Amino acid sequence: MRDIIITLAEIVNNIHDILTDMFGLHMTDKELHFWIIGFMGMAIFFFVYIFFKLLEKLKWSTTVFSFVYTFTVMIVIVFAIELQQAITNRGNMEFADAVMGLWGFLVMFFIYAVIALVIYFAVKVIKK
């Protein structure tokens, strides 16, 4: 996990150096964050907007929206826990821990989905 964070930090630093070298931009961290996060956020927004517009056409769109939102929140929580472990030295900061935590959510959601589908189809059969 630390290696991944260090690699990501190096990538960000390289992008900063490229911007400085190519365009002669000498920005402070705040200015760099303003522009990079701003553009990145807008790119993600448009992707999510199109994705959600497609999802709303599905029969169970509320369930899908709920899953996507919950999964996103779970990713943030899992990585926050791993960072907390690194900062406090109470546990090992490992990417595998984060992945396993997310797998736990996915497995439990799959079990819920199967049970919900069984109940849904059973109610449909009983109503006929």
Side-chain angles (χ1 to χ4, degrees):
M1 180 65 119
R2 288 180 188 178
D3 293 337
I4 292 171
I5 291 173
I6 289 169
T7 301
L8 290 174
E10 287 175 8
I11 290 170
V12 170
N13 288 335
N14 289 338
I15 291 170
H16 182 267
D17 293 342
I18 289 169
L19 288 173
T20 301
D21 293 342
M22 285 179 63
F23 302 110
L25 298 175
H26 298 286
M27 292 188 257
T28 66
D29 268 357
K30 287 175 184 49
E31 292 169 332
L32 190 62
H33 285 174
F34 176 86
W35 289 107
I36 299 298
I37 300 299
F39 282 121
M40 190 169 64
M42 288 310 298
I44 292 169
F45 169 78
F46 288 122
F47 172 78
V48 169
Y49 180 79
I50 292 166
F51 180 67
F52 279 9
K53 284 304 250 182
L54 294 171
L55 283 180
E56 76 181 347
K57 296 177 187 326
L58 298 175
K59 182 175 182 172
W60 293 313
S61 61
T62 303
T63 302
V64 175
F65 287 134
S66 298
F67 172 79
V68 169
Y69 182 78
T70 303
F71 190 71
T72 303
V73 169
M74 293 306 298
I75 289 172
V76 171
I77 290 171
V78 162
F79 282 104
I81 290 169
E82 290 302 315
L83 287 171
Q84 176 269 340
Q85 285 182 336
I87 291 168
T88 62
N89 289 322
R90 296 193 62 176
N92 295 324
M93 184 175 162
E94 296 179 46
F95 185 72
D97 291 349
V99 171
M100 192 55 72
L102 292 173
W103 268 115
F105 168 69
L106 291 174
V107 167
M108 290 183 193
F109 184 83
F110 178 76
I111 292 168
Y112 155 77
V114 168
I115 292 169
L117 284 172
V118 168
I119 292 170
Y120 173 79
F121 287 117
V123 168
K124 270 190 123 170
V125 168
I126 291 170
K127 282 187 177 181
K128 286 185 178 184

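Everything numeric in this text was worked out from a predicted model, so none of it was measured.
- No single ILVMFWY cluster, assembled from side-chain heavy atoms under 4.5 Å apart, contains both V64 and I50.
- Listed by chain and number, the residues in a side chain to side chain contact (heavy atoms under 4.5 Å, CB included) with M108 amount to none (sequence neighbours excluded).
- Remark: V123 engages I119, K127 in a side chain to side chain contact (heavy atoms under 4.5 Å, CB included) (not counting sequence neighbours).
- Grouped with V76 in a hydrophobic cluster is no other residue, since no side-chain heavy-atom contact under 4.5 Å to another Ile, Leu, Val, Met, Phe, Trp or Tyr is found.
- The shortest heavy-atom contact between E82 and D97 is OE2-CB, 3.2 Å.
- Partners of F67 by ring-ring contact (aromatic ring centres under 6.0 Å, His included), not counting sequence neighbours, listed by chain and number: F71, F105, F109.
- Placement of I37 and Y49 in two distinct hydrophobic clusters is found when ILVMFWY residues are connected by side-chain heavy-atom separations under 4.5 Å, directly or transitively.
- From T72, atom OG1 reaches atom CD1 of I77 across 11.0 Å, with rounding to the nearest 0.5 Å.
- Residues L54 and F47 do not share a hydrophobic cluster, defined by chaining ILVMFWY side chains whose heavy atoms lie under 4.5 Å apart.
- No path of Ile, Leu, Val, Met, Phe, Trp and Tyr side chains, each step under 4.5 Å between heavy atoms, connects I75 with F45, placing them in separate hydrophobic clusters.
- Taking each heavy atom of S61 and L55 in turn, the nearest pair found is CB-O, 3.3 Å.
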Candidate pair F34 and K30, rule side-chain contact (heavy atoms from CB on, under 4.5 Å), full reasoning: CA-CA 6 Å; F34 176 86; K30 287 175 184 49; over 6 Å; no
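- By the side-chain hydrogen bond (donor to acceptor under 3.5 Å, both in side chains) test, K53 pairs with E56, sequence neighbours left out.
- Note on V78: it clusters hydrophobically with W103, by side-chain heavy-atom contacts below 4.5 Å among ILVMFWY residues.
- Grouped by direct or indirect side-chain proximity (heavy atoms under 4.5 Å, Ile/Leu/Val/Met/Phe/Trp/Tyr only), F121 sits with W60, L117, Y120.
- Partners of F52 according to the ring-ring contact (aromatic ring centres under 6.0 Å, His included) rule, which considers only residues two or more places apart in sequence or in another chain, are F65.
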